[in-house]
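One structure is given below, encoded as structure tokens.
On a predicted model such as this, the values are computed, not experimentally measured, just so you know.
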Amino acid sequence: CIPNLVIMAPSDESECRLLLQTAYEYPGPALVRYPRGCGPGALINGELHTVPIGKAEIRRYGKGVAFLVFGSLLTTALEVAKTFDATVINMRFVKPLDRSLLKDLATSYHLLVTLEENVIAGGAGSAVNEFLAASGLPMHILNLGLPDHFIEHASSKEQLAEAGLDASSIETTVRQALTKIMLTL
């Protein structure tokens, strides 16, 4: 919780370059959060520019469910979103959040799913929850991320599966959340 700190979470290698440049040019403290291992193999554009601070990008339009992805799980979210015809947002910034987009999403979807390769407690999903609650926008939110315990050493793919962050686990968890929501409507 450092004032004016910008926290970025790139979705792939190409975006990592852009966000590193953005951090370099930012006139205050900034960091780029990227997990271990390889990226998904994104093509690297030779052009190097900055990204507008705090602006997310919509990567897929859908309805009912919106995935708010912070970081490297974007490819997985895009795969799962096809099953639900869901919207996928590449949030890019943990801090500051794209508040205007979050307000729009809260009035347009039944369920928001935050997805990050970071701990749930105190993570980006928690920041989304806090913002929506402070804005008086009650919303069904599902926060998916790492549990609050040590994960055994393994490949990234195995660790994500253990944490329930592989495509099939995410799909199952979202389906269960939707079932509960529909029972309350």
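Atoms NE2 and CD1, on H140 and I181 in that order, are 5.0 Å from each other to the nearest 0.5 Å. Here CG of D12 is found 8.0 Å from CG of N90. Values are rounded to the nearest 0.5 Å. Here the straight-line distance linking atom CG of N143 with atom CG of N129 works out to 4.0 Å at 0.5 Å rounding. Here the CG-OG distance, from L165 to S156, works out to 11.5 Å after rounding to the nearest 0.5 Å. If you take CG on L111 and CE on M182, they are separated by 8.5 Å, rounding to the nearest 0.5 Å. Remark: E162 CD to K157 NZ distance equals 15.0 Å, nearest 0.5 Å.
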Next on the checklist: Run the side chain to side chain contact (heavy atoms under 4.5 Å, CB included) test on L18 and L48 for me, step by step, so that the C-alpha distance in whole Å, both residues' side-chain angles and the decisive distance to 0.1 Å come before the verdict.
Outcome noted: CA-CA 6 Å; L18 298 178; L48 197 57; 4.2 Å; yes
Item to check | Step-by-step salt bridge (charged side-chain N to carboxylate O under 4.0 Å, His left out) determination, R175 to E171 | outcome: CA-CA 6 Å; R175 193 172 304 286; E171 181 180 335; 3.0 Å; yes
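Looking only at distances, a side-chain donor or acceptor of T107 sits under 3.5 Å from a matching main-chain atom of D104. Remark: the backbone N or O of G62 is paired with a side-chain donor or acceptor of T87 at under 3.5 angstrom.
Other residues, nucleotides and ligands place no more than 12 heavy atoms under 6.0 Å from the CD atom of E152.
Both L31 and L97 sit in one connected hydrophobic cluster of ILVMFWY residues. Membership requires side-chain heavy atoms under 4.5 Å apart, directly or through other members.
Note on residues 88-102: pairs passing salt bridge (Lys or Arg N to Asp or Glu O under 4.0 Å), not counting sequence neighbours, are E15-R92, K55-D98.
With respect to D85 and R60, a salt bridge is recorded, a charged nitrogen being found less than 4.0 Å from a carboxylate O.
Side-chain contact check for L132 versus L112: some heavy-atom pair is nearer than 4.5 Å. V128 places a side-chain heavy atom less than 4.5 Å from the side chain of F70. Taking 4.5 Å as the limit, every side-chain heavy atom of T114 sits out of range of all side-chain heavy atoms of I120. Using a 4.5 Å cut-off on side-chain heavy atoms (C-beta onward), L19 and F93 make contact. Within the 4.5 Å cutoff, the side chain of L73 has no heavy atoms near those of the E116 side chain. Side-chain atoms of L105 and L68, non-hydrogen and from C-beta on, do get closer than 4.5 Å to each other.
Screening E13, R33, E117 against S72 for a side-chain hydrogen bond (donor to acceptor under 3.5 Å, both in side chains) leaves a single residue, E117. The side chain to side chain contact (heavy atoms under 4.5 Å, CB included) test with M91 singles out one residue from L102, V69, L74, and that residue is L102.
For the residue pair S168 and D166, a side-chain donor N or O sits within less than 3.5 Å of a side-chain acceptor on the partner.
Scanning for side-chain contact (heavy atoms from CB on, under 4.5 Å) contacts around K103 gives F131, S135, L137, with sequence neighbours left out. Residues meeting the side chain to side chain donor-acceptor pair (under 3.5 Å) test with T22, sequence neighbours left out: none.
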